[in-house]
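Atom set for the values below is all heavy atoms of this structure, side chains included, hydrogens, waters and symmetry mates excluded. Counting starts at 1 for both ligands and their atoms, in listed order.
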Amino acid sequence: MTRTYVTTPIYYVNAEPHLGHAYTTIVGDAITRWSRLLGNDTKYVTGTDEHGLKIQQAADAAGLTPQQFTDEIAPKFAAAWERLNIANDDFIRTTEPRHKAAVAELLQRCYDAGDIELDTFAGKYCVACEEYYSDDELVILDGVEDCCPVHARPVQYFEEENYFFRLSRFQDRLLDWYAKHPTALRPEHRGNEALGLIRGGLRDFSVSRTSLEWGIPLPWDPKHVTYVWFDALTNYLAAVGFGSDDQDYRDWWPATHLIGKDIVRQHCVYWPAMLMSAGVEPPKRWAIGGWLLVGGEKMSKTSGNVVNPLDLIDDIGLDGFRYYVLAETPYGSDGDFTYEGLVGRYNSDLANNLGNLAARVATVVAKKCGGVGTAPSPDSPLAAAATTAYTDAAASWDDLQPSRALDATWGLIRATNAHLEQNEPWKAEPGPAVDAVMGDALEALRIVAILCSPAIPDTAQAVWERIGMSGQVADQRLPDAATWGGYEAGPTVTKGDPLFPRITL
Ligand code: MSP
């Protein structure tokens with residue numbers, strides 16, 4: 001059986017979950033659900049990044065110990081993902097013993113390989129990024145020198161004895177590996193940015209701090225705690241038992257990582273080099289997403305433009321929100337979040353297209369077919385539309401592009417609405433011609449329910465049940481389940497409440 005292991009970044013617990021975090025997590029969830037429809041044994045892991053200076057400072061500001069503080073915030077992420085119907089199998093916290101064991105194991109392997117050495121660090125650090133910057137990377141803002149290019153605020157200078165990871169030794173090995181795995185970085189334009197960083201030359205990076213207590217001690221020199229990025233990246237191995245359960249780790253590794261474009265350097269440069277040093281295979285793929293912007297700026301606690309995803313669900317419904325997040329922006333590009341955009345997409349794709357089709361089919365079947373589902377015709381013109389929808393959706397999910405996959409799926413919805421309009425079964429007398437048209441529409445809805453289930457699981461199940469199918473839509477297996485002709489005459493078709501009532505602004 002094919003095994004697929006999908007991860008999200010683990011989120012800093014200095015802030016509560018916001019729309020930006022929800023975005024990456026929903027994309028990962030949909031990719032996971034598609035993989036399960038294909039019959040792959042799939043593990044989906046998310047979690048929280050709890051060590052480092054940024055968290056220590058946030059805990060100090062809240063008047064709590066870092067452990068108390070992280071214990072308070074981490075469950076809020078877990079609860080938000082439950083509310084967003086995220087099918088993660090695990091939730092890893094970097095304060096857990098299994099994570100600490102994995103970090104110790106990875107550090108020790110890199111140290112034993114001779115790639116971690118003691119040196120003196122003198123330089124500039126952005127606490128918000130938990131990242132070091134060279135002078136040429138820093139910017140002047142409003143006359144203030146040495147500002148972080150991402151967070152637009154001054155960096156800190158510090159000097160101390162640190163252990164360094166010899167990243168500079170890995171340039172050729174990394175370029176070589178990426179040349180042999182040309183589709184590992186998705187989408188390509190984001191991957192090119194990562195390759196540009198490697199080609200531009202690699203500096204060793206510090207992997208330990210002595211001036212900080214909130215972290216994991218180095219196994220061979222416990223005066224030092226582990227640099228938070230070395231610590232955090234290792235979660236991906238820890239969650240599959242690296243350092244504690246060898247078999248589990250071998251079964252699942254390597255992973256597909258979903259990340260934002262802001263953390264490419266750590267994931268696509270540091271991480272594979274750390275793994276190579278430790279004798280572990282690099283990740284399978286990276287899906288690099290853009291940012292959701294609000295008013296042209298990245299949504300973040302620092303910018304003060306945070307949108308709470310849970311508020312949006314109250315307005316637009318869970319699946320309305322999930323659909324918007326997945327369909328609106330091609331993965332890899334930046335998207336501008338607006339409330340008007342959210343409602344506009346909901347009304348056009350969900351209320352007018354899918355919702356309307358489901359309601360219309362149930363109404364006509366009630367009136368013209370006695371409320372009983374009829375069989376599709378084997379040579380229906382919709383059969384070709386269904387094949388195209390499946391083939392294009394499958395290719396797009398495989399390429400980690402949910403917006404394209406949903407557009408392909410909606411192609412079948414549009415074709416079915418057009419088929420009904422052309423045949424106008426609501427005007428015809430009951431009989432074999434109407435039965436055939438309605439059978440075609442029911443069969444198209446059956447396939448649509450399967451294809452849209454990774455994005456809008458609850459709605460997909462509702463459509464499934466309304467057309468009289470039994471069991472769970474998520475238990476269907478592709479490609480067989482998408483083959484034209486699967487709908488059998490006989491089940492009771494029900495109308496139910498509107499799936500997506502129109503929303504006026
Ligand atoms: N803790 C690190 C990641 C460690 S992974 C080993 C971190 N955390 S974060 O909470 O600041 O952000 C993590 C990710 O959240 C980003 O890379 C991105 O995927 C997602 N997003 C956060 N804000 C976002 C937007 N405004 N828009 C889209 N995604 C954003 O970095």
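- Under the 30°/60° scheme for interplanar angles, the aromatic rings of Y236 and H257 are found to be tilted.
- Ligand-side atoms of ligand 1 in range of G260: 17 (O), 18 (C), 19 (O), range being under 4.0 angstrom from any heavy atom.
- Of the possible polar contacts, none joining the S333 side chain to the T329 backbone as a donor-acceptor pair under 3.5 Å is found.
- Screening residues 41-84 for ring pair (Phe, Tyr, Trp, His ring centres under 6.0 Å), with sequence neighbours left out, gives Y11-F77, Y11-W81, H21-F77, H51-W214.
- Taking the six-membered ring where the residue is Trp, the centroids of W220 and Y111 are separated by under 6.0 Å.
- Ligand-side atoms of ligand 1 in range of G290: 28 (C), range being under 4.0 angstrom from any heavy atom.
- By the criterion of a heavy-atom distance under 4.0 Å, the side chain of H267, and not its backbone, is placed next to ligand 1.
- When the heavy atoms of L293, D262, V264 are ranked by distance to atom 17 (O) of ligand 1, first place goes to D262.
- Atom OG1 of T8 sits about 11.5 Å away from atom CD1 of I31, to the nearest 0.5 Å.
- Residue contacts with ligand 1 leave out E130, since none of its heavy atoms falls under 4.0 Å from the ligand.
- Residue-to-ligand polar distances keep W291 apart from ligand 1: every N/O pair is separated by 3.5 Å or more.
- Counting atoms of ligand 1 from 1 in the listed order, those under 4.0 Å from a heavy atom of A232 are 6 (C).
- In this structure E193 satisfies the side chain to side chain contact (heavy atoms under 4.5 Å, CB included) test together with R190, sequence neighbours excluded.
- With hydrogens and angles disregarded, a donor-acceptor distance shorter than 3.5 Å links the side chain of N162 to the backbone of S208.
- At least one N or O atom of Y12 sits closer than 3.5 Å to an N or O atom of ligand 1.
- Checked by distance only, ligand 1 and P9 stay at 3.5 Å or farther apart across all their nitrogen or oxygen atoms.
- Of all atoms in ligand 1, listed by their number and element, those nearer than 4.0 Å to a heavy atom of D49 are 1 (N), 2 (C), 4 (C).
- Under the 3.5 Å distance criterion, with hydrogens and angles disregarded, a donor-acceptor pair is assigned to the side chains of D319 and T459.
- Of all the atoms in ligand 1, the ones that sit under 4.0 Å from a non-hydrogen atom of Y23 are 28 (C).
- Which of V294, L292, T48 comes nearest to atom 27 (N) of ligand 1 through a heavy atom is settled by distance: it is L292.
- Counting the atoms of ligand 1 from 1 in the order shown, those under 4.0 Å from a heavy atom of Y11 are 10 (O), 13 (C), 14 (C), 15 (O).
- The cationic group of R3 lies under 6.0 Å from the six-membered ring centre of W252 and within 45° of the ring axis, placing it in a cation-pi geometry.
- Short contacts between ligand 1 and I263, defined as distances under 4.0 Å to a heavy atom of the residue, involve ligand atoms 17 (O), 31 (O).
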